[in-house]
Participant: 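Here it is: the structure, laid out below.
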Amino acid sequence: MSEQPTTAGVVTGRPLTWLRAEGLAVAAGALALYAGTGQPWWLVPALFLVPDLTWFAYLAGPKVGAWFYNLAHTAPLPIALLAVGAYADITALTVAGAVGLFHIGLDRLMKYGVKYDHGFTITHLGVHGPGKRPPVQRGLLSTAEHDRVRRDHGHDAARGRAVPAQPATQQ
């Protein structure tokens, strides 16, 4: 079996394929939910990029930016919108939840994932942006910061490979 080049904390191989397939399923399910609202289809492309407006939170720093970005790019928020919309019969919330899940599904299919706190380019599904290189190689992280990130995400720098996470010790 050949080794794939990896970045610590980034899913590769067959698990990535399954996560991308899951994204496709989520997107398809979201469109089915949207169809049930009876709203015009032009709303889907009109609202599709709304979750990406959370990018502006990065103006407050990478940690704040990642928190807001991940809030809009993981399932709890759109599922909550769907649930409240269905329970209270508020179509706008149901539409927002369905379009949000559609956005998330397509993001996962295209390998855009949950952001790490140290920058915008590395997600759990891949490295994105100029050159697709980890931040330390572009001078955005110091070597010590890069080593900490890699260690925190289960990479053994001394051996140059991923290692299983160790259970936290109780003190």
Side-chain angles (χ1 to χ4, degrees), residues 4 6-135 140-141 149 152-154 162 165 168:
Q4 290 181 313
T6 62
T7 297
V10 174
V11 178
T12 61
R14 189 163 295 146
L16 176 61
T17 302
W18 280 108
L19 289 173
R20 292 181 74 195
E22 179 182 52
L24 180 61
V26 167
L31 287 179
L33 288 169
Y34 183 85
T37 68
Q39 296 302 302
W41 285 98
W42 62 263
L43 280 175
V44 175
L47 298 174
F48 181 77
L49 294 177
V50 168
D52 287 335
L53 294 176
T54 58
W55 178 88
F56 286 109
Y58 277 91
L59 296 173
K63 193 170 193 171
V64 171
W67 191 91
F68 279 98
Y69 188 92
N70 291 338
L71 176 66
H73 286 83
T74 54
L77 179 60
I79 289 174
L81 292 170
L82 283 167
V84 172
Y87 177 79
D89 196 25
I90 302 172
T91 304
L93 293 180
T94 305
V95 165
V99 173
L101 280 177
F102 179 63
H103 181 101
I104 291 166
L106 287 187
D107 268 5
R108 297 303 183 272
L109 180 62
M110 296 184 303
K111 294 178 31 177
Y112 287 96
V114 179
K115 306 289 187 190
Y116 286 101
D117 288 346
H118 57 274
F120 188 78
T121 60
I122 298 180
T123 75
H124 78 292
L125 298 179
V127 179
H128 302 282
K132 293 188 176 183
R133 296 186 331 226
L140 299 177
L141 291 179
V149 168
D152 290 350
H153 296 288

Participant: Show which side-chain atoms of residues 29-48 pair as donor or acceptor with protein atoms under 3.5 Å away, not counting sequence neighbours.
Facilitator:
| unit_1 | atom_1 | unit_2 | atom_2 | d |
| --- | --- | --- | --- | --- |
| Tyr34 | OH | Pro40 | O | 2.4 |
| Thr37 | OG1 | Tyr34 | O | 2.6 |
| Thr37 | OG1 | Gln39 | N | 3.2 |

Participant: Looking only at heavy atoms, what is the nearest atom pair of Leu93 and Gly85, with distance?
Facilitator: CB-CA, 3.8 Å

Participant: Do Phe68 and Phe56 make the cut of ring centroids closer than 6.0 angstrom?
Facilitator: no

Participant: Can you name the nearest heavy-atom pair linking Leu81 to Ala96, along with the distance?
Facilitator: CD1-CB, 4.1 Å

Participant: Working to the nearest 0.5 Å, report the span between CG of Leu101 and OG1 of Thr74.
Facilitator: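 Atom-to-atom, Leu101:CG and Thr74:OG1 are 10.0 Å apart.
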
Participant: Rounded to the nearest 0.5 Å, what's the gap from OG1 on Thr121 to NZ on Lys115? Could you check?
Facilitator: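 So the OG1 of Thr121 and the NZ of Lys115 are separated by 7.5 Å.
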
Participant: Minimum heavy-atom separation for Tyr112 and Leu125, please, with both atom names.
Facilitator: O-CD1, 4.0 Å

Participant: Looking at side-chain heavy atoms only, is the closest gap between Leu82 and Thr94 below 4.5 Å?
Facilitator: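 Counting from C-beta outward, Leu82 and Thr94 do come under 4.5 Å.
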
Participant: Enter the distance from Asn70:CG to Asp117:CG here, rounded to the nearest 0.5 Å.
Facilitator: 8.0 Å

Participant: Which atoms form the tightest heavy-atom contact between Ala66 and Tyr116, and what is the distance?
Facilitator: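 Smallest interatomic distance, heavy atoms only, reads CB-O, 3.7 Å.
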
Participant: Just by distance, do the side chain of His124 and the backbone of Gly113 share a donor-acceptor pair under 3.5 Å?
Facilitator: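 Checking the backbone N and O of Gly113 against the side chain of His124, no donor-acceptor pair under 3.5 Å is found.
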
Participant: Are any non-hydrogen side-chain atoms of His103 and Val50 less than 4.5 angstrom apart?
Facilitator: no

Participant: Tell me the closest heavy-atom pair linking Ala72 and Thr54, and the distance in Å.
Facilitator: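 Ala72 and Thr54 have their closest heavy atoms at CB-CG2, 3.6 Å.
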
Participant: According to side-chain contact (heavy atoms from CB on, under 4.5 Å), who are the partners of Trp67, at least two apart in sequence or on a separate chain?
Facilitator: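 Testing Trp67 for side-chain contact (heavy atoms from CB on, under 4.5 Å), a comparison that skips the adjacent residues, returns Leu71.
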
Participant: So, for Ile104 and Ala75, which heavy atoms are closest and what is the spacing to 0.1 Å?
Facilitator: CD1-N, 4.0 Å

Participant: State, yes or no, whether a side-chain contact exists between His73 and Asp52 at a heavy-atom distance under 4.5 Å.
Facilitator: yes

